[in-house]
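Inspection log for the structure reproduced underneath, given as structure tokens.
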Amino acid sequence: MSLCKLQITDTFDVVGTQKLYNIKTCWQYLLQQGKLIYGSTFIISPQHKTTLYKLLVYAIEDAKEMAKYQLDPRKGILLMGEPNTGKTAMFRLIKSFFPRKKQYDIKTCRILSQEFSLKGFEMTTPLFAPNARPLVLDNLGKEMIAKHYGYASDVVYNIVEHFYEQRYDLSFPKLHITTTLTPIEIEKKYGITFRKMLTELFNVIICEA
């Protein structure tokens, strides 16, 4: 397989108003993109393949397979796993399989906290707009409490809380998260209310090493 041979449109056929995906071609496309982004040594391990498949069926909205893995299309994805298990890479690779309106920006929690220190609440305005792109909060738990002119804010908590308040508005952009924290560590850092919000907002997928 030569690089750049496949396009995302090669992974499916349009039948009526539906896209019917060829899973074998999807894997070829994901491997191709992985090599383009991360180099020629990139591989998809069996463990990564299991996680990527769940992300893939969620992205292409395969109702039968989502039901099999208990994935709720009304919720976002909380991708959990130990450091260096490829969580961010998986979100980068799977992005193009989402419908255009559901394709997301990936922002690290640490950078968002730093942006608040520079700009204050102004930095959240584009994130909260009804026409904003969906968002992946990358590496939840690595950020610090941000301060802007003496005002301290847990920026990530506030972002999650805002999306939680909009959870019944199905037209509102989706939120996704990656984290190395365990559920217990999340509760310890952010509190039980935050953990409960995550339970309502997200499908949990574990990325194994």
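All of these numbers come straight from a predicted model, not from anything done at the bench.
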Under 3.5 Å: donor-acceptor pair, side chain of [X], backbone of [Y]:
X    : Y    : result
R195 : I192 : no
E143 : V156 : no
K102 : K174 : no
K196 : G191 : no
H48  : C207 : no
K75  : R167 : no
K95  : Y104 : yes

| query | Under 6.0 Å between ring centres, would you say that holds for F172 and H162? | reply | yes
| query | Between Y157 and Y190, what is the ring plane arrangement, given parallel below 30°, perpendicular above 60°, and tilted in between? | reply | tilted
| request: Using the six-membered ring wherever Trp is involved, compare the ring planes of Y21 and F97 and label them parallel, tilted or perpendicular (cut-offs 30° and 60°). | output: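 Judged by the thresholds at 30° and 60°, the geometry between Y21 and F97 is tilted.
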| said: Between T124 and N158, does the side chain to side chain donor-acceptor pair (under 3.5 Å) criterion hold? Intermediate values first, please. | reply: CA-CA 9 Å; T124 63; N158 292 339; over 6 Å; no
| request: Could you walk me through whether T108 and N139 pass side chain to side chain donor-acceptor pair (under 3.5 Å), step by step? | output: CA-CA 6 Å; T108 65; N139 225 350; over 6 Å; no
| message | Using every non-hydrogen atom in the two residues, find where L181 and G141 come nearest and quote the distance to one decimal. | response |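 Reported closest heavy-atom pair: CD1-CA, 3.8 Å.
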| task | Kindly determine whether T25 and F12 satisfy side chain to side chain contact (heavy atoms under 4.5 Å, CB included), including the steps that lead there. | result | CA-CA 8 Å; T25 309; F12 61 85; over 6 Å; no
| said: Looking at R74 and D72, is any side-chain nitrogen of the basic one under 4.0 Å from a carboxylate oxygen of the acidic one? | reply: yes
